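Notes follow the structure.
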Amino acid sequence: MAVNNKWWKNAVIYQIYPRSFQDSNGDGIGDLQGIIQRLDYLEKLGIDAIWLSPVCRSPQDDNGYDISDYQDIDPMFGNLDDMERLIAEARKRNIRIIMDLVLNHSSDEHRWFLEAKKSRENPYHDYYVWRDGVEGTPPNDMRASFGGSAWEWVPELQQYYFHQFSVKQPDLNWENPKLRREIYDMILWWMDKGVGGFRLDVIDQIAKEPDLHITGNGPRLHEFIRELSKETFQKGDLITVGEAWGADPERAKLYSNPDGSEFSMVFQFEHIMLDQQEGKEKWDLAPLPFLKLKEIFNRWQCELYGCGWNSLFWDNHDLPRIVSRWGNDGKYRVESAKMLAILLHGMQGTPYIYQGEELGMTNVKFDFEDYRDIETVNMHRERLEKGYAEEEIMKSIYAKSRDNARTPMQWDDTEHAGFTEGTPWIRLNPNYTEINAASQINDPDSIFSCYRTLVGLRKQYPVLADGRFEMLLADDEDIFAYTREDETSRLLVICNFHDKEIPCPLSREQKEMKLLVGNYKDQNLETLRPYEARMYISEK
Ligand code: TEU
Ligand code: CA
């Protein structure tokens, strides 16, 4: 079955967290002009589109995920002209720009919310989620993601408003058709500017029902999404990806239905939530279960085949660095970073590379004062109040803080890694003197070159887009291996997930397939060395 009818089925997307990518004016914060300066680097990597984390006007309570004007650029990042220039400069290099739409909530400084707070009769009041009440007695005990109650008291109105994230991120009321229409018009306006697609922040939470304690997967969710898609995305040739922490394969088939009624695909997080204790928070650490990881990928690859589409990712701006998580960020950093890349980029779906992943950037261990993320800072305070030991809290922060992903991009080994000439808004990872782009772009054995090869292979071999997935050695405790097969070719990926040498279980026939990419220079057919990975192909 040919699934190549949509451009994004052969695409690789690169995520940029603008404040940490490249500063162009010395204020220590990355910006749009900085991204323009680095487009040649991205062209060299070969990616097809950039997903930009939010750059709209925002008080930056949650680094831009709190938008106060959806139709303007935050002065910290530049202005609308810069954005148009970025879209045009990227287009020259065949790179599309994907914007981040934060539609579950706005900033409390958005004009709509400022109006909404004025009176219960104000036309914008119903754009948000309000409940009458008595001060000190919130409607229920729901908690916000970044700590505290999900309800905030507004004395002038004698009402509470609902916020799933910080108090400065009031939830929008999707039940209101006028609000929905305003959102669609805003999206059409961006489409008109030549945007190539959208990533939809926590989209599975828009249909909340706070009276029923429902946050994700509310009853009207897919109805809202279909209307949104019909009124906007379906009028263009866009890539759309919804962020859906609550998605299972059944729901993902709705979200990514090939009929185009919802999105192109969703980000699901089953493979990401493995190192936390069941039913607890992400900070409550648990060992990584390898067999479970295999089972999850297998299920998603098989269940969506032919009736949905996967997104493939290890990292984003909310997650720790993958090489520090499933890989080895010490002795085998290079081998394990490439192994994780080869494993993921052989699967069916659209791969996403998060800035610095292609260099093997690692987690950090800062003193607490050097963390900037609202989620990390609030959790630290809450857990201290609850009596947790400082040492235990810091252990969770080292493993899971979102700031692991947010340290500045490591361009070279000069001061501040070439990210800024000023004082960076957040500390750099001190390992930039060793791990940086300058030392990797021209080295054929670098992690960067491995990613570049993988991006190229996806363009060259249709089996990567359309081949059927089959897991091999499902119960093996060290090896992750699978095949992909279409009418003309067969692809084989085999990875040693651990730091010890093991016998290579491939048959003679399998070893005679053509090696497309590996992470050791020479081939040793009898063993798999620490973190060794190989991708083979044969024609039928
Ligand atoms: O993240 C969704 C979300 O649920 C996060 O709070 C997630 O649980 C957490 O980051 C894991 O550590 C999206 C954005 O990606 C995130 O950056 C925003 O802070 C959040 O929505 C609110 O807009
Ligand atoms: Ca700047």
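The model shown is predicted, which means the values in this text are computed figures rather than measured ones. Counting convention: from 1, in listed order, for ligands and their atoms alike. Just so you know, residue 1 is the first one in the sequence shown, and it goes up from there.
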What atoms of ligand 1 come within less than 4.0 Å of a heavy atom belonging to [X]?
| X | answer |
| --- | --- |
| H105 | 22 (C), 23 (O) |
| E243 | 1 (O), 2 (C), 13 (C), 15 (O) |
| R406 | 17 (O) |
| H317 | 14 (C), 15 (O), 16 (C), 17 (O) |

Which residue and non-hydrogen atom of the protein lie closest to [atom], and at what distance in Å?
| atom | value |
| --- | --- |
| atom 19 (O) of ligand 1 | D62 OD2, 2.5 Å |
| atom 10 (O) of ligand 1 | R402 NH1, 3.0 Å |
| atom 7 (C) of ligand 1 | W245 CZ2, 3.7 Å |
| atom 17 (O) of ligand 1 | D318 OD1, 2.8 Å |
| atom 6 (O) of ligand 1 | F165 CE2, 3.5 Å |
| atom 23 (O) of ligand 1 | D201 OD2, 2.7 Å |
| atom 2 (C) of ligand 1 | V202 CG1, 3.1 Å |

Inset, instruction - Report yes if some N/O of E375 lies less than 3.5 Å from some N/O of ligand 1; otherwise report no. - result: yes
Legend entry - Nitrogen or oxygen atoms of S145 and ligand 1 under 3.5 Å apart: no
State whether [X] and [Y] are salt-bridged, where the test is any N-O pair (Lys NZ or Arg NE/NH1/NH2 against Asp/Glu carboxylate O) under 4.0 Å.
| X | Y | result |
| --- | --- | --- |
| K253 | D248 | no |
| R321 | E357 | no |
| D27 | R19 | no |
| E227 | K230 | no |
| R143 | E382 | yes |
| D318 | R402 | yes |
| K292 | D275 | no |
| D171 | K208 | yes |
| D66 | K168 | no |
| R131 | D211 | yes |

Inset, instruction - With 3.0 Å as the limit, jot down which protein N, O or S atoms are around the Ca ion (ligand 2). - result: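 Listed by chain and number, the nearby protein N, O or S atoms are D23 OD1, N25 OD1, D27 OD1, I29 O, D31 OD2.
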Inset, instruction - Determine, step by step, whether H222 and E262 satisfy the side chain to side chain contact (heavy atoms under 4.5 Å, CB included) criterion, reporting the C-alpha distance in whole Å, the side-chain angles of both residues, the deciding distance to 0.1 Å, and the verdict. - result: CA-CA 8 Å; H222 291 276; E262 298 197 7; 2.9 Å; yes
Legend entry - Close approach, E281 and ligand 1, non-hydrogen under 4.0 angstrom: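 Contact check E281 vs ligand 1: negative.
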Inset, instruction - Is it possible for you to check whether K9 lies under 6.0 Å from the centre of the six-membered ring of W309, through NZ or CZ, and within 45° of that ring's axis? - result: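 Ring-cation test returns yes.
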Inset, instruction - Can you spot which of Y354, Y352, F269 makes a ring pair (Phe, Tyr, Trp, His ring centres under 6.0 Å) with F313? - result: F269
Legend entry - Part of R199 with heavy atoms under 4.0 Å of ligand 1, whether side chain, backbone, both or neither: side chain
Inset, instruction - Could you name the option among M379, K282, K400 that has the heavy atom nearest to atom 12 (O) of ligand 1? - result: K282
Legend entry - Student check: side-chain heavy atoms of S106 and Y128 closer than 4.5 Å: yes
